[in-house]
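Computed over heavy atoms, backbone and side chain alike; hydrogens, waters and symmetry mates excluded. Counting starts at 1 for both ligands and their atoms, in listed order.
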Amino acid sequence: MGLIVQKFGGTSVATAEKIRAAAQRAVAAKRDGHHVVMVVSARGKKTDELLTLAAELTDAPPRREMDMLLSTGEQESVALMSMAIQELGEPAISLTGGQIGIITDSQHSKARIRQISIERMRRHLADGTIVVACGFQGVDDEGNITTLGRGGSDTTATALAAVLKADECQIYTDVEGVFTTDPRIVKGARKINTVSHDEMLELASLGAGVMHSRSIEFAKKFDVPLRVRPSFSDGLGTLIAPHGEEHAPVVTGLALVRKESRVTLADLPDRPGVMSVIFAKLAHRKIPVDMVVQNVGTDDTAEVSFTVPEDDLAATLTAAQDAIQELGAGSVHSGTNVAKLSAVGDGMRSHSGVAAQMFRSLADAGVNIEMITTSDIKISVLVNRDDADKSLQTVHAGFGLDQADARTPSIGYRQSPSVPTTEGSLESQVVGSLANMEDLVVSDVDLDERQSRISIHHIPDTPGVCADLFEAVAEGDVMVDMIVQNISRQGSAEVSFTVLRDDIDRCLLLVREVVSQWEGAELSYDREIDKLTVTGIGLRSHTGVGEMLFRALADADVNVQMINTSEVRLSVVVGADRGQQAAASLHTAFARSDEQ
Ligand code: ASP
Ligand code: MG
């Protein structure tokens, strides 16, 4: 016997018929011998309707009243759901956030959970009653109703699963599960059976997710197995849980962000603190920056390029102008007709040649790569937007993602003691951390002193160049770590990457041979560089992280040579003589932010 949390979103409870179908799921799980907690969202477009209604009365609805209003959507759903379950012959009770004891802070419309009491749920579950909980809501210390932000029911479900130590948290939705990529663009897209929390965080933040990132962060932190399941069929959906060791796929899924813009700040002074100024300006305007590429300067100027969502371009250009003004030098350039394609997979950590394979697929399709960045489980490329669909299709096929998934779906539940008790400190441990879940969580700052950097300047800006380069390296079985590539304004490209110091001589031999074919290309390298990696959660969704990182490095007078960012990891390459200093500075900066 286990404990299952089942969450039903708005579309899955839109009509009486759908409510009955959802009730049947809960009843079936109960009859299978499980304790069942349901979390239900407002029906259909209810929340939107209530928002519209309020907007008809006032331009500035008081936020307390707004939460009072919006929370009714969920209250309606749980009452109906409980009736439907009872009609099917099982005991059920509907509970509001306040009745359960979900205590939040007082930030109306974006409250954070502080504490969850499991006492009452436990009592009902022990009686064999199905608990039907309102998603999206809680109460503050004064008893005022609060809501957790749009899509917050996922977060309620995951948080309840965490405090109850549920065996599985099932998110019922109107799709079959998580797909290898958007099936509307790629016919061969397949449903994924298992995706890890990290992979899902990356995919979700790249717009491919069916779930709210915040709830995946909860699940990762508290080790909650999540399952995204279709509400319209018996499909097993997608399990979000760590891959079994032998099964981490090299590439799990691809995401495409079509409306990207690319911004370059050039002719910048090449000294510590420059990036810090730029990123502070961007963070100040809450602009989510991605694909940061700072190539090693060849003259005494520095250049940095990055991508931002197209909607943020105007604000970004203003911020960039501000930065240049403050720095006293520099120029701003931007390009709009670009799209970002990313491949994500845990197995990239231990496989060489993944990037080479992706670049080859693109080259074969005649697609030119404008920018490249990689992190440990992600490779992102920027391409012309007109090539976006073609790129997605060709890379999907190139990685064999349209082949049937060989991994066996896991259908069993992790077994655990039946009803959790309030004894012990689990509840307080979990809720203690929940309060900080939305904050930035930095778990580690790591200094890697075994890396070298190789850069190639003035390479031709044509399809296939990076494919040739990284294929040669992969054939020599050299594991490439970070890759950044950018097109300079002169129309040639520059690429830098890191390899282990032990591999650099072998790698240089392979690279020289390829580079000799490109007229005007120049090779430079640094045998000893240090790589610093900050690991945590929400590193990219928190716009201030880059600022904090660059501030800390600037304060320590450290010049940054390469950068890359992902949801869970942020890496910078610095000179080997500065590594220790930089690490100490980052430790201090992030430890301070953790305590706040
Ligand atoms: N009803 C809320 C919303 O529409 C919460 C949810 O559906 O998760 O955002
Ligand atoms: Mg919803």
Look at ligand 1 and say whether Gly9 reaches it with a heavy atom at a distance under 4.0 Å.
-> no

Answer with side chain, backbone, both or neither: which part of Lys46 has a heavy atom less than 4.0 angstrom from an atom of ligand 1?
-> neither

For Gln137 and Thr147, does a side-chain donor sit closer than 3.5 Å to a side-chain acceptor?
-> no

Answer with yes or no whether the side chains of Ser261 and Thr336 bring together a donor and an acceptor at under 3.5 Å.
-> no

Distance, nearest 0.5 Å, that separates CD of Gln107 from CG of Asp140 | 10.5 Å

Within the structure, does Glu74 bring an N/O atom to less than 3.5 angstrom of an N/O atom in ligand 1?
-> yes

Decide whether an N or O pair under 3.5 Å exists between Arg150 and ligand 1.
-> yes

Tell me yes or no: between the side chains of Ser380 and Ser342, is some donor less than 3.5 Å from an acceptor?
-> yes

Nitrogen or oxygen atoms of Phe136 and ligand 1 under 3.5 Å apart = no

Quick one: side chains of residues 52-61, donor-acceptor pairs under 3.5 Å with protein atoms, not counting sequence neighbours, listed by atom name and distance.
from, atom 1, to, atom 2, distance (Å)
Thr52, OG1, Asp48, O, 2.8
Thr58, OG1, Ala60, N, 2.8
Thr58, OG1, Ala60, O, 3.4

List every atom of ligand 1 that sits less than 4.0 Å from any heavy atom of Ser153, numbering the atoms from 1 in the order shown and giving each element.
-> 5 (C), 6 (C), 8 (O)

Residue-ligand contact Gly10/ligand 1, heavy atom below 4.0 Å | no

Ligand 1-proximal atoms of Ser41, by part, heavy-atom distance under 4.0 Å = side chain

Result of checking Arg227, Gln6, Arg25 against Gln170 for side chain to side chain donor-acceptor pair (under 3.5 Å) = Gln6

